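Okay, so here's the structure we're looking at.
What you see is a predicted model, and the numbers here were worked out from it, not measured in a lab.
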Amino acid sequence: MSLPLFKTTFKKNWVLGLIFTLVLMMYSGVMISMFDPASIDNLMKMFELFPPEIMSMLGFAEAFTDMTGYLASWLYGLLMIGFPMVYSIMLGNKLIAKTVDNGSIACLLSTPDSRVKIALTKAIYAILSMIVILGIVFIFNITLSNAMFPGSLDIEAFTNLNITVLLVNITVMAITFFCSCLFSDTKYSIGFGAGIPLAFLLIKMLSGVSDKLDFLTKISIFGWYDPMKIASGEIAMTANIAYIVIAIVLFVAGIMIFKRKRLAV
C-alpha cells in the first residue's frame, strides 16, 4: 500500500464519506426516537392494512416485538443497504475509472508506485471507508438506543446484524470497484457499477411479492441477507462467508485487470 496515495485519496473523498455518515446518523436518530414500546401492537395492526406482498417487498413482512427487531425491519431492511450502495457507486467510480477517463491517472503512473500498488491502495481505502462509516453509525445507534430506551437493545444480536450489513455493503463496494477497474469510461463504470447492485436489489424485492418468486432470493446477494432472522439471534455464517469470498475475488480481479489493461496516457 502507498501511504502518500492513501492520504491523497482520503483528502479527495472524506467529504463524501462524511455526508453519508451524517445522513445515516440522521435517519437512525429519527427511527430510534420514533420507537415506542407501548405502541408496537398498534403499529403492527397498521401494517395489516397494507397488502402483505407490498410489505414483504419493502422488508416489513415479519412482526417485531422489541427495539432490535424494530431497527432490523425499519432501518436495516432497506436504508442501511440503499444509502451505502449509493456511496459505493459514487466512490467506486471515482477511485479508478474517473482518473482514467479524465487522464489524471497519468500522474499516478509517473510515480514509482506500480499499478498493483495504486489499485490496492484505493481498494483498501474503499473498504476502510465503508468500515468507518458503518462503524460510526453502529456506535451511534447503540449509544442513542441505550440513552433513550435503556436495556431495550439486544447488543449481541445487533452487533451480528451490523457485521452482516457491513459485509453486504463491502460486497457492493467490490462490485463497483471491479467495474471501475474494468471500464475506462465513467459512463460504463457507473452504468454497470450501479446497474448490477440495483438489479440484485430489485430481484430481492420481487422475491417478496409472491411465494412463487421466492427462489429469486438465492440469486441475489441481498436475498441471503435476512435482518429479522439475525435480530432474533441467528448468525448468518454462510452468508457472511459468501460475502467475504465474493468481495475478495472481485477486489483481486479488479486489481489484476487494472494491472494488465492498456491505458492511453
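- Side-chain contact, Y87 with N13: no donor N or O sits under 3.5 Å from an acceptor N or O.
- If you look at F251 and F177, their ring centroids are closer than 6.0 Å.
- Atoms CE and CE, from M34 and M148 in turn, are 11.5 Å apart once rounded to the nearest 0.5 Å.
- Checking side-chain atoms of S73 against main-chain N and O of G69 turns up no donor-acceptor pair under 3.5 Å.
- Test D226, N169, N240 against T164 for side-chain hydrogen bond (donor to acceptor under 3.5 Å, both in side chains) and you get one pass: N240.
- For the pair F20 and M90, the minimum side-chain heavy-atom distance is below 4.5 Å.
- Taking the six-membered ring where the residue is Trp, F138 and F158 present parallel rings, their angle staying beneath 30° rather than reaching 60°.
- Hydrophobic clustering of Ile, Leu, Val, Met, Phe, Trp and Tyr side chains at less than 4.5 Å, counting indirect connections, unites V15 with I133.
- Atom CD1 in I118 sits 5.0 Å away from atom OG1 in T111 (nearest 0.5 Å).
- Interatomic distance, CG of L202 versus CG of L198, reported as 6.5 Å (0.5 Å rounding).
- Side chain of T143 to main chain of I139: a donor-acceptor pair is present (N/O by atom type, distance under 3.5 Å, no hydrogens or angles).
- The number of heavy-atom neighbours closer than 6.0 Å to CE of M26, taken from other residues, nucleotides and ligands shown, is above 12.
- Across every non-hydrogen atom of A72 and M228, the tightest pair is CB-SD, 3.9 Å.
- The distance from the CG atom of L18 to the OG atom of S129 is 12.5 Å, given to the nearest 0.5 Å.
- Considering all non-hydrogen atoms of both residues, I244 and L167 come closest at CG1-CD2, 3.9 Å.
- I241 and V168 end up in different hydrophobic clusters when Ile, Leu, Val, Met, Phe, Trp and Tyr side chains are linked at under 4.5 Å.
- Other residues, nucleotides and ligands place more than 12 heavy atoms under 6.0 Å from the CE atom of M85.
- N93 and S180 are not linked by any side-chain donor-acceptor pair at a separation below 3.5 angstrom, with hydrogens and angles left out of the test.
- Among all heavy-atom pairs drawn from K117 and M1, the shortest one is CE-O, 3.5 Å.
- Residues M173 and I127 are not in side-chain contact: their nearest non-hydrogen atoms beyond the backbone lie 4.5 Å or more apart.
- Note on ring orientation: taking the six-membered ring where Trp is involved, the planes of F183 and F192 are parallel (angle under 30°, cut-offs 30° and 60°).
- Taking the side chain as every heavy atom from C-beta outward, F200 and I81 never approach each other to under 4.5 Å.
- Hydrophobic clustering, with ILVMFWY side chains joined whenever heavy atoms are under 4.5 angstrom apart, keeps V249 apart from M256.
- Annotation: side chain of I190 is not in contact with side chain of C179 (no heavy-atom distance under 4.5 Å).
- I235 and I230 fall into different hydrophobic clusters, where Ile, Leu, Val, Met, Phe, Trp and Tyr residues are linked whenever their side-chain heavy atoms come under 4.5 Å apart, directly or through other members.
- Inter-residue side-chain proximity for E156 and N160 is flagged as met; some heavy-atom pair is nearer than 4.5 Å.
- Contact detail for A126 and L95: the closest heavy-atom pair is CB-CD1, 3.8 Å.
- Distance alone, capped at 3.5 Å, places no donor-acceptor pair between the T171 side chain and the A247 backbone.
- Closest approach of T176 to G193, counting heavy atoms only: CG2-O, 3.3 Å.
- Note that CG of D185 is 13.0 Å distant from NZ of K98, once rounded to the nearest 0.5 Å.
- The structure places CZ of F6 at 5.0 Å from CG of L128, a figure rounded to the nearest 0.5 Å.
- Counting all heavy atoms, side chain and backbone alike, S145 lies closest to S152 at O-OG, 4.4 Å.
- Residues L166 and V245 are members of separate hydrophobic clusters, defined by side-chain heavy-atom contacts under 4.5 angstrom among Ile, Leu, Val, Met, Phe, Trp and Tyr.
- Remark: Y188 OH is loosely packed, at most 12 non-hydrogen atoms of other residues, nucleotides or ligands lying under 6.0 Å away.
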